[in-house]
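Proteins get letters first, then strands, A, B, ... in listed order; numbering begins at 1 in each.
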Protein chains: 2
Amino acid sequence: MDRVSFRPPENKALRVEVANEIVRAIANGHFKPGDRLVEQHIAKEMGISRAPIREALRELEGQGIVVTVPRKGAFVSHLGQEDVEELFTLRSVVEGLAARLAATRVSGRDLAQLTRYTEEMVAAARRKDTEAFVARDLTFHELIWTRSEHKRLLKVLDGIRTLTRLFMVISKHALTTDEQLVQEAEGHKPIIEALGARDAERAEAVIRAHITQAGERVAKYLREREQKEEATS
Amino acid sequence: MDRVSFRPPENKALRVEVANEIVRAIANGHFKPGDRLVEQHIAKEMGISRAPIREALRELEGQGIVVTVPRKGAFVSHLGQEDVEELFTLRSVVEGLAARLAATRVSGRDLAQLTRYTEEMVAAARRKDTEAFVARDLTFHELIWTRSEHKRLLKVLDGIRTLTRLFMVISKHALTTDEQLVQEAEGHKPIIEALGARDAERAEAVIRAHITQAGERVAKYLREREQKEEATS
DNA sequence: TGCTGCACAATTGTCGACAGTCTTCAGTCT
DNA sequence: AGACTGAAGACTGTCGACAATTGTGCAGCA
């Protein structure tokens with residue numbers, strides 16, 4: 001009797017739509033770091049009331065993408081090199097835990113999937129298709145997150161997922177040569193091996209190293225970019 | 001029941017007050033796990049409108065204290081033995097990072113403070129003053145969090161601070177004898193030593209061990225309690 | 001008796017409005 | 001001219017109301 005047919009207005013909560021829209025606007029530069037996000041303006045722009053906007057902003061605040069000052073409103077966070085370092089050091093330990101737990105839970109099918117994702121990353125790198133590359137990279141990590149079967153861990157990772165993606169998009173230019181992209185993909189192989197061996201400790205160690213390394217690469221890129229910006233201003 | 005006396009133009013944002021009030025109600029058993037949190041009822045009880053309630057619930061959802069089902073509302077999370085284990089494994093790695101960073105940043109004054117807190121914990125244990133004991137325990141950990149000077153890490157820890165406290169209160173009966181309490185306090189000494197030696201790696205290792213151990217203790221207590229509850233129902 | 005369907009009640013999601021507060025800017029005084 | 005003051009404007013925090021949706025109970029029917 002389940003009629004999975006209708007969704008007349010929208011099945012999704014409006015606030016989620018709004019949050020996604022704002023993130024997209026930040027990613028493509030429509031909103032820049034430090035910009036003030038005026039509820040009324042966004043509401044008008046999207047043709048809805050302020051209530052869902054407020055809730056969306058609250059959620060983004062929880063993810064550290066915007067900061068709200070009482071009585072003043074919400075602003076786009078300044079996401080500099082320091083923030084990248086923080087995000088990646090945090091990810092290294094949290095995903096380390098995820099890998100440790102996943103090691104005893106991944107199935108053969110999961111390992112095959114992970115291998116496939118990595119191969120597709122290499123393929124995307126050869127085509128210089130950074131879009132697909134980033135997408136696969138994220139999917140790879142997300143599968144491990146899921147296999148940790150740790151609800152609270154997933155919540156934390158969910159909270160930084162948007163920001164992770166945001167940084168990947170912003171800094172996709174950090175990986176310009178095939179060489180670097182392939183190198184990034186190669187870093188996944190020790191992870192798969194450790195997981196395949198069901199070696200929890202080693203899985204945690206290698207993924208920590210992998211993420212730390214990736215973070216340093218991105219941080220270096222942003223540091224250089226920030227210096228250039230300062231030089232020109 | 002709760003004296004809902006309040007002044008209309010409170011300094012703090014009303015939603016924060018509401019969130020605290022709800023947490024308090026959960027802690028003292030007014031709301032039990034699985035209970036439905038009806039916005040209108042809470043609004044009426046507190047004499048305010050639903051808007052701040054909604055935002056507070058959204059925040060608590062972000063902290064995993066309540067879960068919201070679309071079109072159905074918010075419910076108090078079931079916080080069982082499994083959740084304790086999750087919370088503590090997560091804390092072990094996240095606080096591990098905090099300690100690692102703090103090791104290179106703590107001052108002599110900080111070390112003295114940490115030592116003092118630990119002594120006060122022992123003193124509270126001798127008085128069987130679990131209230132003060134828990135408070136000092138939390139303060140000890142929070143100082144290390146702060147010294148990590150890692151904004152995003154702090155945000156994560158902030159997100160689980162409420163739940164941590166909640167568990168401490170709920171499970172304070174897990175530590176019934178002086179012996180256990182003192183043992184808990186003793187566990188802080190290796191942490192202080194490692195921090196004092198500015199040994200980042202060791203600091204991370206010992207605090208991970210400490211938290212893991214504490215988690216197992218609480219989990220064991222809750223497991224037994226849950227079994228008892230099942231037996232009586 | 002047991003099942004089906006309808007109407008009603010309860011509750012969420014959303015909206016528009018209003019008061020209070022902070023910012024800005026023009027006008028005035030020194 | 002520069003500093004100060006006050007008023008206008010802009011925006012957030014909060015409120016009450018309404019429509020849509022889900023759950024519930026009751027009546028009708030086999």
Side-chain angles (χ1 to χ4, degrees), chain A residues 1-22 25-26 30-63 65-77, chain B residues 2 4-22 25-26 30-63 65-77:
Chain A
M1 295 327 183
D2 313 290
R3 217 170 280 180
V4 221
S5 54
F6 59 98
R7 44 170 197 198
E10 276 161 52
N11 244 349
K12 303 222 161 202
L14 203 42
R15 92 185 82 102
V16 178
E17 289 277 331
V18 176
N20 289 340
E21 197 59 39
I22 294 175
I26 294 175
H30 190 350
F31 290 134
K32 295 187 196 66
D35 276 4
R36 186 170 183 181
L37 298 174
V38 180
E39 298 171 357
Q40 252 172 354
H41 296 174
I42 302 174
K44 199 167 198 175
E45 186 108 3
M46 300 186 70
I48 58 179
S49 88
R50 278 174 47 217
I53 312 282
R54 285 180 66 83
E55 304 193 355
L57 288 176
R58 206 71 60 205
E59 185 175 327
L60 293 179
E61 183 189 14
Q63 299 180 6
I65 293 171
V66 310
V67 296
T68 56
V69 183
R71 291 275 163 208
K72 282 203 61 182
F75 299 80
V76 179
S77 293
Chain B
D2 314 280
V4 224
S5 67
F6 66 68
R7 14 315 171 199
E10 182 72 31
N11 286 344
K12 306 222 153 200
L14 203 43
R15 92 185 84 101
V16 177
E17 289 277 329
V18 176
N20 289 340
E21 197 60 38
I22 294 175
I26 295 175
H30 190 358
F31 290 134
K32 294 187 197 68
D35 276 5
R36 186 170 182 179
L37 298 174
V38 179
E39 298 170 358
Q40 225 167 12
H41 296 174
I42 301 173
K44 200 166 198 175
E45 186 109 1
M46 301 187 70
I48 59 179
S49 87
R50 277 174 49 218
I53 313 282
R54 285 180 66 83
E55 303 193 354
L57 288 176
R58 207 71 61 206
E59 184 175 329
L60 294 179
E61 183 189 14
Q63 300 181 6
I65 293 171
V66 309
V67 297
T68 56
V69 182
R71 294 276 163 207
K72 282 203 61 181
F75 299 80
V76 179
S77 293

Taking all atoms of both residues into account, what is the closest heavy-atom pair of V66(B) and A74(B), and its distance?
-> CG2-CB, 4.5 Å

With a 4.0 Å cut-off on heavy atoms, is I53(B) in touch with a base, just the backbone sugar-phosphate, or nothing at all?
-> nothing

Residues in side chain to side chain donor-acceptor pair (under 3.5 Å) contact with T68(A), at least two apart in sequence or another chain = E61(A)

What's the NZ-P distance between K72(A) and dG13(D), to the nearest Å?
-> 12 Å

Considering only side-chain heavy atoms of H41(A), which listed nucleotide, dT22(D), dC11(D), dG13(C), is closest?
-> dC11(D)

When rounded to whole Å, the CD1 to P distance for the pair I42(A) and dT12(D) reads 9 Å

The side chain of R54(A) lies closest to which of these nucleotides: dT11(C), dT22(D), dG13(D)?
-> dG13(D)

Side-chain donor-acceptor distances from residues 52-60 of chain B under 3.5 Å, at least two apart:
from	atom 1	to	atom 2	distance (Å)
R54(B)	NE	E55(A)	OE2	2.9
R54(B)	NH1	E39(B)	OE2	3.1
R54(B)	NH2	E55(A)	OE2	3.3
E55(B)	OE1	R58(A)	NH2	3.1
E55(B)	OE1	R15(B)	NE	3.1
E55(B)	OE2	R54(A)	NE	2.8
E55(B)	OE2	R54(A)	NH2	3.3
R58(B)	NH2	E55(A)	OE1	3.1

Take R36(B) and E55(B), find for each the nucleotide of DNA chain D with the closest heavy atom, and name the residue whose nucleotide sits nearer the 5' end.
-> E55(B)

Would you kindly give the NZ-to-C1' distance between K44(A) and dT14(C), to the nearest whole Å?
-> 19 Å

With sequence neighbours excluded, tell me which residues meet side-chain contact (heavy atoms from CB on, under 4.5 Å) with K72(B).
-> V69(B), F75(B)

Rounded to whole Å, the CD-P distance (E39(B) to dA17(D)) equals 16 Å

Hey, does L57(A) reach any base, or is it just sugar-phosphate, or nothing, if we go heavy atoms under 4.0 Å?
-> nothing

Using atom names, set out every protein N or O paired with an N or O of nucleotides 15-18 of chain C below 3.5 Å, distance rounded to 0.1 Å.
from	atom 1	to	atom 2	distance (Å)
dC15(C)	OP2	S49(A)	N	2.9
dC15(C)	OP2	S49(A)	OG	3.0

Mind calculating the distance between CZ (R71(A)) and C1' (dG13(D)) to the nearest angstrom?
-> 5 Å

Would you please name every residue forming a side-chain contact (heavy atoms from CB on, under 4.5 Å) with H30(A), sequence neighbours left out?
-> A25(A), N28(A)

Using side chain to side chain donor-acceptor pair (under 3.5 Å) as the criterion, list what pairs up with E45(A), not counting sequence neighbours.
-> none

